[in-house]
Amino acid sequence: MKLPPYRLPAPYGIRPLVVGLSALAVVGLAVIVWLARSQDVAPAAPSVRVATGAQVASVALERTAPAPAAGVAPPGERDPSLVEVCGLGWVEAKADASVIEPEVLAQIPGMEASRQGLVGGMRESADAYARATALVLQWSRDPGGTGVPALDQLAREALTSDDARVYALAFRVCARTPAEGSCALLNVGQWARLDPGNAEPWLFLLDDAAARNDRAQIDEALYRIGSAARFEDRFHALAGPIVAQAGTSDGELMAAQVLASQAIGVAAALPLPVQRLTAACGGAQLADVNRRQVCDAVAATLAERSDSMLLALVGSRLGQRVGWPSERVVATRMLSVALSDAWSSDTTADPRFGLSYSCSGVRTTLARFRELARVGEPQVARTWIATGRKPPEWYAGIAREQEARRSAGDTEDAARRPEPVKPASVAQ
């Protein structure tokens, strides 16, 4: 089949995730993602990410600020306003802060040199995806200005690469400027050819076909998604090369955490057009036996062969529509419960921030990002369940409760909707 040269319109849809102004706020992104994704995923429009203009801006490490008060924790009961920061010791945090301020982190000895060295190492890496990650980080520091050449270079590298990860990354980052420079030469057909077995490029083809009301192409894209071996969104993949390059000194650890958060902020803003997919597998569309069958297969791909918890939850909702038994739906939802449990097991995390800034806590965070980048969220959840810290039924029980609340909410919403106005009968 000849694939059309689909290109992204601008602006394009982004995930339902709010990323903070400070890049380090996203270090706790796995917590936010796991907890948010464990809640209900609206079937009508789960494809919209919300992002601030500064969401992919890096921490302003070059800014100067007075050195923070740091040192050894006071004896006895610690002052609750003090936070342990790797490379600084105990520092005072603002009472209303949700993160440690970038100005404080900038005082960590060797921080900026470590950041530059880490990015430079990726830029010189033999791995094409590590080089692409460095370009994305460079672009994200100034997406509207000097970062534009980095985006064009990323697109040019994708055009000559046989690495599907690089092509997919460039295609999706180019959503901001799809008609400019080398971005205009990228198309989803080439992505699909480079990435056989991955359903994600077909999601974009489906979105384009639905916009054009091309029934034949919609059917083809749905079939390809349903029969795909996997659905790789690679949400955490950008953090992988960063963690792999991370050093062991305090400055190197914190620089890696800042850059990993920046990378995940970029990933949170990448397009994921599932809204038209849920429309194609909903309502009157499912009255067609063939469409219902293929949507069943689509639901299975998302729920059971995806590397993304968000997509898995969307798949389980589609599964409900086509008649999946409740326990099959619960089997997916319990994975999001397990992810939340895995993260909350970090006893070093500060309850004010949802993460730890201590050296041991940073190492734990980077190790988690490494594993998420390697196998994806659902598999990390399965592995966590398999450790036996809690019986599988514990996760399933919470998942059933969540599903019951969601179903009750759907019923209440339906009850509040006004009934359609019937046309007045015509007098005979």
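One is the number of the first residue; the rest follow in order along the sequence. Model, not experiment: these values are computed from the prediction.
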Asks: Supply the atom-to-atom distance Glu200 CD to Asp195 CG, rounded to the nearest 0.5 angstrom.
Replies: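 Atom-to-atom, Glu200:CD and Asp195:CG are 8.5 Å apart.
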
Asks: Say you draw a straight line from CG of Leu118 to CZ of Arg123; how long is it, rounded to the nearest 0.5 Å?
Replies: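 The CZ atom of Arg123 is 11.0 Å from CG of Leu118, to the nearest 0.5 Å.
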
Asks: Does either side chain, that of Arg317 or that of Gln320, offer a donor lying less than 3.5 Å from an acceptor on the other one?
Replies: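 The answer is yes; a qualifying pair exists.
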
Asks: Residues in side-chain contact (heavy atoms from CB on, under 4.5 Å) with Ala338, at least two apart?
Replies: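 So Ala338 forms a side-chain contact (heavy atoms from CB on, under 4.5 Å) with Ala381, Trp384, Ile385, Tyr395.
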
Asks: Quick one: closest heavy-atom pair of Trp191 and Pro201, and the distance?
Replies: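 So the two residues come closest at CD2-CB, 3.7 Å.
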
Asks: Assign the ring pair Phe204 / Phe171 to parallel, tilted or perpendicular, where the plane angle (0 to 90°) is split at 30° and 60°.
Replies: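 The rings of Phe204 and Phe171 stand perpendicular, inter-plane angle above 60°.
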
Asks: Under the 3.5 angstrom rule, does the side chain of Arg321 hit a backbone N or O of Thr278 as a donor-acceptor pair?
Replies: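 Such a contact is found between Arg321 side chain and Thr278 backbone.
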
Asks: CG/Leu194 to CD/Gln190 distance, rounded to the nearest 0.5 angstrom?
Replies: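 It comes to 4.0 Å.
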
Asks: To the nearest 0.5 Å, how far apart are CD in Glu124 and CZ in Arg131?
Replies: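 Answer for the CD-CZ pair, Glu124 versus Arg131, is 9.5 Å.
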
Asks: If I compare all heavy atoms of Ala237 with all of Pro241, which pair ends up nearest, and what's the gap?
Replies: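 Looking at all heavy atoms of both residues, the shortest contact is O-CD, 3.2 Å.
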
Asks: Within the 3.5 Å criterion, strictly below it, is a donor on Ser308 or Ser306 matched to an acceptor on the partner's side chain?
Replies: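 Short answer, no.
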
Asks: Does Ser125 use its side chain to pair, donor to acceptor, with the backbone of Gly121 at less than 3.5 Å?
Replies: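 No: the side chain of Ser125 does not pair with the backbone of Gly121.
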
Asks: Hey, are Glu232 and Arg165 close enough for a salt bridge, meaning a charged N less than 4.0 Å from a carboxylate O?
Replies: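 The answer is no: the pair does not qualify as a salt bridge.
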
Asks: Say whether Gln262 and Arg115, considering side chains only, have a donor N or O and an acceptor N or O under 3.5 Å apart.
Replies: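 Result is no, nothing qualifies.
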
Asks: Between Thr301, Leu302, Asp296, which is the residue that forms a side chain to side chain contact (heavy atoms under 4.5 Å, CB included) with Val298?
Replies: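 When side chain to side chain contact (heavy atoms under 4.5 Å, CB included) is applied between Val298 and each of Thr301, Leu302, Asp296, only Leu302 qualifies.
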
Asks: Looking only at atom types and distance, does a side-chain atom of Ser140 sit under 3.5 Å from a main-chain N or O of Leu137, one as donor and one as acceptor?
Replies: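 A pair under 3.5 Å: yes.
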
Asks: Specify the closest pair of heavy atoms between Pro109 and Gly87, including all atoms of both residues, with the distance to one decimal.
Replies: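 Closest heavy-atom pair between Pro109 and Gly87: CD-O, 3.5 Å.
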
Asks: Sub-3.5 Å donor-acceptor pair from the side chain of Ser336 to the main-chain atoms of Thr332, do we have one?
Replies: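 Looks like no, no N/O pair under 3.5 Å.
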
Asks: Could you point out which residue of Ile218, Leu203, Asp207 forms a side chain to side chain contact (heavy atoms under 4.5 Å, CB included) with Arg276?
Replies: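 The passing option is Asp207.
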
Asks: List the atom of Ala396, the atom of Val330, and the distance in Å for their closest heavy-atom pair.
Replies: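 Looking at all heavy atoms of both residues, the closest pair is O-CG1, 3.8 Å.
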
Asks: Do you know which two heavy atoms are closest between Ser316 and Trp324, and how far apart they sit?
Replies: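 Taking Ser316 first and Trp324 second, the nearest heavy atoms are CA-CZ3, 4.2 Å.
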
Asks: How far apart are the C-alpha atoms of Arg400 and Glu403, what are their side-chain angles, what is the distance that settles it, and do they pass the salt bridge (charged side-chain N to carboxylate O under 4.0 Å, His left out) test?
Replies: CA-CA 5 Å; Arg400 291 189 195 99; Glu403 188 56 32; over 6 Å; no

Asks: Just how far is it from atom CZ of Arg234 to atom CG of Asp307, taken to the nearest 0.5 Å?
Replies: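 Output value for this atom pair is 7.5 Å.
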
Asks: Apply salt bridge (charged side-chain N to carboxylate O under 4.0 Å, His left out) to residues Glu371 and Arg374 and explain how you reach the verdict.
Replies: CA-CA 5 Å; Glu371 190 64 6; Arg374 190 177 72 86; 2.8 Å; yes

Asks: Output every pair passing disulfide (SG to SG under 2.5 Å) with a member in residues 358-404, not counting sequence neighbours, ordered by first then second residue.
Replies: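 Every pair satisfying disulfide (SG to SG under 2.5 Å) with a residue in residues 358-404: Cys86-Cys359.
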
